[in-house]
Protein chains: 2
Amino acid sequence: MKKKSDRLPPNERRSQLIEATLICLMREGASGLSSRKICAQAQVSVGLLNYHFSSQEELVAIAYEEISRRYHEALKAHIDADTKNQNMPIKTLVSCAFEADIMSPDQLRAWVVFWSKTIDSKLMRATHGRINQRLQNYLIQVLAKSLPNSNVDLQVLAIEYSALTDGLWLDWSLNGEHQSSQLWQTILNQWLHRTLMLA
Amino acid sequence: MKKKSDRLPPNERRSQLIEATLICLMREGASGLSSRKICAQAQVSVGLLNYHFSSQEELVAIAYEEISRRYHEALKAHIDADTKNQNMPIKTLVSCAFEADIMSPDQLRAWVVFWSKTIDSKLMRATHGRINQRLQNYLIQVLAKSLPNSNVDLQVLAIEYSALTDGLWLDWSLNGEHQSSQLWQTILNQWLHRTLMLA
DNA sequence: AATAGTATTGTACGGTCGTTCAATAACGCC
DNA sequence: GGCGTTATTGAACGACCGTACAATACTATT
């Protein structure tokens, strides 16, 4: 029963610990944020965490970047794959807003933890600022392509859209429980319909 | 330096502990949720908490009801006081959405904690359901008075409005830092303007 | 094969956590 | 004044927390 080597190059080990962090946060929410639980999830001893990360705060900030990166990539993947709406990508965005890879209650469990940490920690606030800027820029691009001849303020529209989706996710995740996302999807569809009419 | 009696009837002591809980949560966010910190804030010994509340979970659920009740009352107060918009109360709602008594970053600090607990705890989920239902009903009333001849689905509109304000609060509180709420207020104003045009 | 360097382990430390409970102090009532 | 009743105290308990660190196991180089 000899174990093969369980040593990994630092980058891979770090990725594994980040992945374990996201799994714990999505599974348990705030109570999943524990060095011991994260290391157990990664099947690694407690001490290793502080060898690869200077503190839990740093790990959480990096995990926040990672979940945001995945979210961003998932959005791009949906938009790039929807060949019918290449010149109206906001439609794609709206129609996939509640797909499992974009947003699920599990994911929100993790996001809420990140938000609550953002309030307390300077490092997290800086991280959140960067993340938010990147996502907002991408959203503005999407809106610019969708509304080429409109004179509405795209930044304002982008902030409104992301606020609306955040709020709908919250509502869906906290109230919906086992329900489908049907109702919340309808709300988003109607918002888009109105916005396109007036833009 | 004799102390006057520091005994209180149970109801008053309970209120005081609930108040202390809200203060701690608004001041420190998640890390303020500690029996010891709450009792220190109330200038009371640790043991007393479990004399008046069976567990911290119960205290938090009741505090959630309380902050929601205050929020509800603050909304009503604004609407009742705005004599110019008695038949268009949604305008009042929008214009006071970022007033300090309605929503401030401090308040959001507490709400985020309640949301994160709602994910984990059955008791909190039940509480959240009740709170949400009450607020939604009130919002529907407000919308019904504001749009008497409209045939839009008021429940859908109510959910959209509360999701939008939740999202804007989040964005404002996490990004805005020391900024004014000007930008976020503008977004909400424009949303109302569009909604009224089409309703 | 010996060595230097690096990744990993597990224990230990000091703290804080929520909760329990015997002791105590203040109260209303006779 | 004496006496149940009830509110309050603070120490104690066991659990978990993040982190530090000496010891160990693995890898690469010579």
Side-chain angles (χ1 to χ4, degrees), chain A residues 1-21 24-25 27-64 113-114 116-117 120-124, chain B residues 1-21 24-25 27-64 113-114 116-117 120-124:
Chain A
M1 288 295 271
K2 185 153 152 290
K3 281 271 285 292
K4 275 179 53 183
S5 166
D6 46 5
R7 237 184 198 213
L8 288 181
N11 284 342
E12 291 183 31
R13 185 65 81 196
R14 284 169 64 95
S15 301
Q16 189 199 357
L17 286 169
I18 294 165
E19 174 70 22
T21 304
C24 285
L25 288 180
R27 185 199 298 136
E28 294 189 52
S31 67
L33 181 53
S34 141
S35 299
R36 284 171 176 80
K37 286 181 182 176
I38 290 167
C39 289
Q41 170 65 36
Q43 304 198 76
V44 136
S45 79
V46 251
L48 198 56
L49 215 161
N50 286 92
Y51 180 77
H52 291 284
F53 301 93
S54 71
S55 68
Q56 185 183 92
E57 191 190 18
E58 184 196 333
L59 170 64
V60 174
I62 293 177
Y64 193 16
V113 176
F114 291 129
S116 87
K117 294 285 167 187
D120 297 329
S121 143
K122 191 177 295 187
L123 174 60
M124 285 294 284
Chain B
M1 288 294 272
K2 186 158 153 286
K3 281 273 284 291
K4 275 180 53 187
S5 166
D6 47 4
R7 237 183 196 214
L8 289 181
N11 285 342
E12 293 183 29
R13 185 65 82 195
R14 285 169 63 97
S15 303
Q16 188 198 359
L17 286 169
I18 294 165
E19 175 70 22
T21 304
C24 286
L25 289 181
R27 184 198 299 136
E28 294 190 52
S31 67
L33 182 52
S34 142
S35 299
R36 284 173 176 78
K37 287 180 182 177
I38 290 167
C39 288
Q41 170 65 36
Q43 304 197 74
V44 138
S45 79
V46 252
L48 196 57
L49 214 162
N50 287 90
Y51 179 78
H52 292 284
F53 301 93
S54 70
S55 67
Q56 185 182 90
E57 190 190 20
E58 185 196 332
L59 171 63
V60 173
I62 292 177
Y64 192 16
V113 175
F114 291 130
S116 87
K117 294 284 167 190
D120 298 329
S121 143
K122 190 177 296 188
L123 174 59
M124 284 294 283

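Note that these values count all heavy atoms, side chains included, but never hydrogens, waters or copies made by symmetry. Each chain gets a letter, A, B and so on, in the order its sequence line appears, and its residues count up from 1.
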Atom pairs, N/O to N/O, protein against nucleotides 28-30 of chain D, distance under 3.5 Å?
none

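- You'll find the side chain of A:Gln43 stays beyond 4.5 Å of the side chain of A:Asp6, heavy atoms only.
- At the phosphate of C:dT8, OP1 or OP2 sits under 4.0 Å from a side-chain N or O atom of A:Arg13.
- Interatomic distance, CD of B:Gln56 versus OG of B:Ser121, reported as 11.0 Å (0.5 Å rounding).
- Evaluation of atom-type donor-acceptor distances gives no pair under 3.5 Å for the side chain of B:Arg7 against the base of C:dC27.
- Comparing C:dT19, D:dT6, C:dT9 by their nearest atom to the side chain of A:Val44 picks out C:dT9.
- Judged by distance alone, with hydrogens and angles left aside, the side-chain atoms of A:Arg27 form no donor-acceptor pair with the main-chain N or O of A:Gly32 at under 3.5 Å.
- From A:Ile38, atom CD1 reaches atom CD of A:Glu19 across 12.0 Å, with rounding to the nearest 0.5 Å.
- Between A:Gln56 atom CD and D:dA20 atom P the separation is 12 Å, expressed in whole Å.
- Inter-residue side-chain proximity for A:Thr21 and A:Ile62 is flagged as unmet; no heavy-atom pair is nearer than 4.5 Å.
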Subject >> Audit row: B:Cys39, B:Arg36, side-chain contact (heavy atoms from CB on, under 4.5 Å) steps and yes/no >> reply: CA-CA 5 Å; B:Cys39 288; B:Arg36 284 173 176 78; 6.0 Å; no
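- D:dT19 atom P lies 5 Å from atom CG of A:Asn50, rounded to whole Å.
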**OP:** Show the numbers, then the answer: is there a side-chain contact (heavy atoms from CB on, under 4.5 Å) between A:Phe53 and A:Ile18?
**Re:** CA-CA 10 Å; A:Phe53 301 93; A:Ile18 294 165; 4.0 Å; yes
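- As rounded to whole Å, 10 Å separates atom P of C:dT19 from atom CG of B:Leu59.
- Rounded to a whole Å, the CG atom of A:Asp6 is 19 Å from the P atom of C:dT6.
- Atoms CD1 (B:Ile38) and P (C:dT16) sit 16 Å apart, rounded to a whole Å.
- Between B:Leu17 atom CG and C:dT19 atom P there is a gap of 13 Å when expressed in whole angstrom units.
- Phosphate proximity of C:dG18 to B:Ser34: present, with a side-chain N or O under 4.0 Å from OP1 or OP2.
- In this structure, of D:dT19, C:dT8, D:dT9, it is D:dT19 that holds the atom nearest to the side chain of A:Val46.
- Where B:Pro10 and A:Lys37 each meet DNA chain D at their nearest nucleotide, the meeting point lying more 5' is that of B:Pro10.
- Map A:Tyr51 and A:Arg36 each onto its nearest nucleotide of DNA chain C; the residue landing nearer the 5' end is A:Tyr51.
- In this structure, the CD atom of A:Glu57 is 14 Å from the C1' atom of D:dT19, given to the nearest Å.
- Distance, A:Leu49 CG to D:dC17 P: 13 Å, rounded to whole Å.
- If you check every strand for non-hydrogen atoms under 4.0 Å, A:Leu33 touches sugar and phosphate atoms only.
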